[in-house]
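Comments concern the structure below.
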Amino acid sequence: MEMKKGRVTLPAQEGMDEEIKQIVKRWGADAVRDSDGTKIPDVIKQAADKVYSKYFFTRGDQEFAKANLDELQHMFIMSEPVTATEEEIKIPILKGYFKEQLKPDTDHDPKKWWQVIDRTTGEVVSCDKWEYLEQTEEVLVKSAKLWHRYTVNVLVYQLWDPVHMYNHITNDWTTEHQMPYDPRYPKTRAYILERLRTWLDEHPDTDVVRITTFFYNFTLVFNDVREEKYVDWFGYGATVSPRALEAFEKEKGYALTAEDFVDEGYYNSPFRMPKRAFLDWIDFQSKFVSELAKECVDIIHSYGKEAMMFLGDHWAGTEPYGKYFKNIGLDAVVGSVGDGTTLRMIADIPHVGYHEGRFLPYFFPDTFNEHNNPVIEANQNWLQSRRAILRKPIQRMGYGGYLSLALDFPDFVDRVEEITDEFREMHDHVKNTAPYVAPFKVAILNSWGGQRKWMSHHVHHAIWYKQCYSYYGILEALSGLPFEVEFISFEDIKADGISDDIGVIINAGEARTSWVGDDYWKDPEVVEKIRAFVQCGGGFIGVGEPTSHEHQGAFFQLSDVLGVQKEIGFSLSKDKYNDHQIENHFILEDQVAAINYGESTRYVYQASEAATVLDIEADDIKLATHTFGDGRAAYLAGLPYSPENARLLKRILYWTASKENVFHEWHTTNIYTECAAYPEAGTFVIINNAYEEQVTQVTKPDGTVLDVTLAPMGYQWFEI
């Protein structure tokens with residue numbers, strides 16, 4: 001029997017040649033890669049079809065960094081606040097920060113680049129009323145107002161690259177700290193281009209240069225006990241420098257200040273409504289990064305090698321759904337697959353030849369130790385990712401870290417062998433064809449739109465957070481459901497209206513966040529166009545606090561469409577009556593237990609007698625439907641991901657789109673199973689998303705029904 005092989009990249013390391021050969025055979029790997037801190041043995045390179053080698057553009061050469069300390073990368077940080085109990089106060093600017101990571105920049109005039117702010121009034125304290133005490137790393141504020149709180153916005157050098165620091169702490173490295181240097185400076189820019197050519201000369205056996213990533217890391221700051229203090233996977237806080245800020249002012253026509261980055265201590269979190277200054281900075285830096293990245297990629301191509309970008313780490317400025325990404329000319333992207341949502345984030349990226357996913361768990365000691373079973377994480381990761389792969393396949397998969405750790409867990413090695421075989425089997429059946437999707441698009445409406453596709457409600461790459469998992473679950477469910485998903489912004493609606501192929505719009509999140517839209521909801525043009533869309537037969541789904549902005553006596557601005565409203569304390573004198581709760585509805589036909597709304601939303605009540613209440617708890621509406629003209633709307637108090645909630649969302653989408661008549665096409669009766677059909681390839685698959693055996697039926701478009709029994713986490717392929 002011919003050995004199964006292909007589509008898999010294996011992390012290799014020295015000192016275990018025979019073990020690697022066995023794993024290559026069992027997992028069918030056709031490519032090998034190094035990891036941060038490892039090297040690939042020559043004998044393994046010779047046996048592989050492709051060799052991936054990591055490359056860091058702005059770290060790694062400590063001698064250059066030490067010789068050019070004035071060209072290290074910067075960021076703005078905010079000190080911890082100090083309350084004035086006397087007219088003169090001292091503010092320790094690095095209190096609570098990891099001093100091995102950051103150093104105040106006094107090479108550039110603090111009076112020009114730093115700011116002292118009265119956080120009680122929001123006023124910037126004039127420069128003549130404060131001074132920096134360099135020996136004690138404190139700012140002395142003179143003439144402070146009693147009982148006001150003060151902070152300092154500080155420009156700091158980065159003494160330690162955050163990714164190297166993370167790996168150093170996680171894996172107990174003892175290597176020298178690597179300092180990141182800034183290609184905004186001509187000397188550093190020339191150096192990294194020269195160093196790239198030298199590196200390529202020294203790596204003739206490398207086929208794929210895996211760029212980790214380009215130049216600036218996402219915002220990652222550690223505290224004084226070596227724990228994460230602030231992390232924002234979408235942050236641009238580490239992309240600043242005096243040189244860049246001066247170039248920005250020249251190009252955009254206005255100057256930015258430290259507060260434009262510190263942002264009251266929120267650091268322009270993606271949950272914040274994006275301000276013009278921040279959007280202009282993203283545009284400015286993305287243009288610069290893409291131009292330099294293209295120059296680097298062209299050099300790589302001149303050596304006959306592929307250029308692959310890792311979606312993560314130093315990816316500020318290379319956002320794959322931004323307007324400049326296509327100019328870089330990358331051959332491929334690779335990213336860490338945390339779940340179905342992050343897989344779709346990778347798989348949907350345009351303008352590259354192929355997409356690769358690094359599956360979890362990473363082979364790091366925090367997972368591979370005697371107190372843990374890595375098979376559990378591998379199974380969960382695969383079940384959620386598999387749903388998404390069947391909707392938008394990535395072309396390759398692999399793992400990262402230290403293979404020696406994984407080999408100590410034979411059950412894990414066995415399970416990965418099964419997963420890699422299943423991955424290849426998918427491609428054998430699908431044959432690069434598109435899956436069946438519902439006859440309407442689903443649009444996610446938020447302030448970012450397509451610029452942050454599959455990125456809503458993220459803090460840091462699929463990490464769980466209490467206040468957003470109830471909304472992130474919508475993306476996770478959609479990642480494997482049979483819908484074409486589009487991400488639109490309020491500005492898109494204002495400029496272009498709502499496309500005719502969109503059947504349902506979803507607006508979800510907490511009030512005042514960018515994901516809901518805040519003051520966009522008092523814009524008449526926005527609400528007019530959405531009301532018209534629903535009136536003419538469109539669907540609208542609100543989750544949590546949708547369309548929320550306190551304005552003209554209402555909190556949910558589309559309460560007339562949704563049929564529900566939220567009490568925020570201003571209208572307690574008005575009596576509320578929640579009637580018409582029913583148990584039999586198309587949306588509820590698969591429910592066998594109480595619905596999980598996650599953190600849920602309280603104080604939502606019926607605003608229209610025509611609203612149908614499907615679920616209520618302690619007088620708070622959790623699930624309701626409403627008709628508006630020829631269209632339909634639904635309200636949900638929250639939707640964390642689970643197989644049950646994925647099925648619930650599927651039903652809500654078909655109902656709000658008024659497409660119940662085609663709901664059963666390629667539909668499975670068991671909520672723990674799903675079907676993906678590929679009409680052009682003449683094949684379909686049924687998957688089991690549960691850890692127990694499941695029995696299900698699938699209905700084909702012609703009405704015929706197939707009975708199927710699936711093993712735990714199993715699957716079966718059939719011909720149409």
Side-chain angles (χ1 to χ4, degrees), residues 74-81 96-97 102 115 117 119 122 151 153-154 156 162 216-223 227-240 256-286 311-317 319 321-322 338 341-342 345 444-472 474-475 487 489-490 507-520 544-545 548-549 599:
H74 289 80
M75 65 169 52
F76 281 113
I77 62 170
M78 187 182 81
S79 71
E80 293 187 0
Y97 287 95
L102 307 173
Q115 289 176 307
I117 296 183
R119 292 297 177 187
T151 65
N153 295 339
V154 188
V156 295
Y216 301 107
N217 200 71
F218 63 84
T219 311
L220 177 59
V221 183
F222 278 65
N223 64 19
E227 297 171 336
E228 291 181 3
K229 182 180 180 72
Y230 183 84
V231 55
D232 176 7
W233 205 49
F234 309 92
Y236 278 69
T239 68
V240 300
L256 298 179
T257 69
E259 183 64 8
D260 288 315
F261 297 91
V262 168
D263 182 32
E264 302 176 31
Y266 294 113
Y267 296 99
N268 294 299
S269 155
F271 287 76
R272 293 273 278 173
M273 289 292 292
K275 300 180 180 69
R276 176 202 169 193
F278 184 52
L279 293 175
D280 282 352
W281 181 259
I282 291 176
D283 180 80
F284 169 75
Q285 281 293 58
S286 296
L311 180 64
D313 298 349
H314 303 75
W315 72 303
E319 292 197 51
Y321 299 106
T341 304
T342 47
M345 187 196 308
I444 304 292
L445 172 63
N446 59 49
S447 301
W448 293 98
Q451 185 176 352
R452 296 279 169 86
K453 191 175 183 181
W454 295 106
M455 301 178 192
S456 306
H457 299 97
H458 284 240
V459 175
H460 179 213
H461 194 76
I463 304 298
W464 186 92
Y465 287 87
K466 184 177 182 179
Q467 286 187 290
C468 57
Y469 78 97
S470 303
Y471 308 113
Y472 183 85
I474 297 166
L475 297 188
F487 292 76
S489 71
F490 297 93
N507 182 240
E510 292 191 347
R512 302 200 66 188
T513 62
S514 64
W515 311 121
V516 165
D518 198 26
D519 53 6
Y520 271 115
E545 295 178 323
S548 55
H549 185 82
E599 298 306 302

>> Before you tell me yes or no, could you show the steps for L220 and H460 under side chain to side chain contact (heavy atoms under 4.5 Å, CB included), namely the whole-Å CA-CA distance, both residues' side-chain angles and the distance that decides it to 0.1 Å?
In response: CA-CA 10 Å; L220 177 59; H460 179 213; over 6 Å; no

> W315 and F234: side chain to side chain contact (heavy atoms under 4.5 Å, CB included), yes or no, with the steps?
Replying inline: CA-CA 9 Å; W315 72 303; F234 309 92; 4.0 Å; yes

> Run the side chain to side chain contact (heavy atoms under 4.5 Å, CB included) check on V262 and Y267 step by step: do they pass?
Replying inline: CA-CA 5 Å; V262 168; Y267 296 99; 4.3 Å; yes

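Taking CG of D260 as the reference point, atom CG of D280 lies at 10.0 Å (rounded to 0.5 Å).
A salt bridge links E259 and R119; the closest N-O separation between the charged side-chain nitrogens and carboxylate oxygens is under 4.0 Å.
Under the 4.5 Å side-chain criterion, counting only non-hydrogen atoms from C-beta, E510 is not in contact with F271. Under the 4.5 Å side-chain criterion, counting only non-hydrogen atoms from C-beta, W515 is in contact with W448. The side-chain heavy atoms of W454 and F487, taken from C-beta on, include a pair separated by under 4.5 Å. Inter-residue side-chain proximity for M455 and M345 is flagged as met; some heavy-atom pair is nearer than 4.5 Å. With contacts defined as side-chain heavy-atom distances shorter than 4.5 Å, the pair D232/F218 does not qualify. Proximity of T341 to H458: side-chain heavy atoms (C-beta onward) are separated by under 4.5 Å at one or more points. With contacts defined as side-chain heavy-atom distances shorter than 4.5 Å, the pair W281/L256 qualifies. At least one side-chain heavy atom of M75 sits under 4.5 Å from a side-chain heavy atom of L102.
Closest approach of S514 and R272 over heavy atoms only: CB-O, 3.3 Å. For the residue pair E319 and R452, the shortest heavy atom distance occurs at OE1-NE, 2.7 Å. Here the shortest heavy-atom pairing between T151 and E80 reads CG2-C, 4.5 Å. Shown here for H457 and C468, the closest heavy-atom pair between the two residues is O-SG, 3.5 Å. Nearest heavy atom pair, residue A462 against residue G338, reads CB-CA, 4.1 Å. Residues T239 and A316 approach most closely at CG2-CB, 3.7 Å, considering heavy atoms.
Listed for the N507 side chain is a donor-acceptor partner under 3.5 Å among the backbone atoms of V516.
In this structure, W464 has its ring center at least 6.0 angstrom away from the ring center of Y472.
A donor-acceptor contact under 3.5 angstrom links the side chains of E599 and Y469, judged on distance only.
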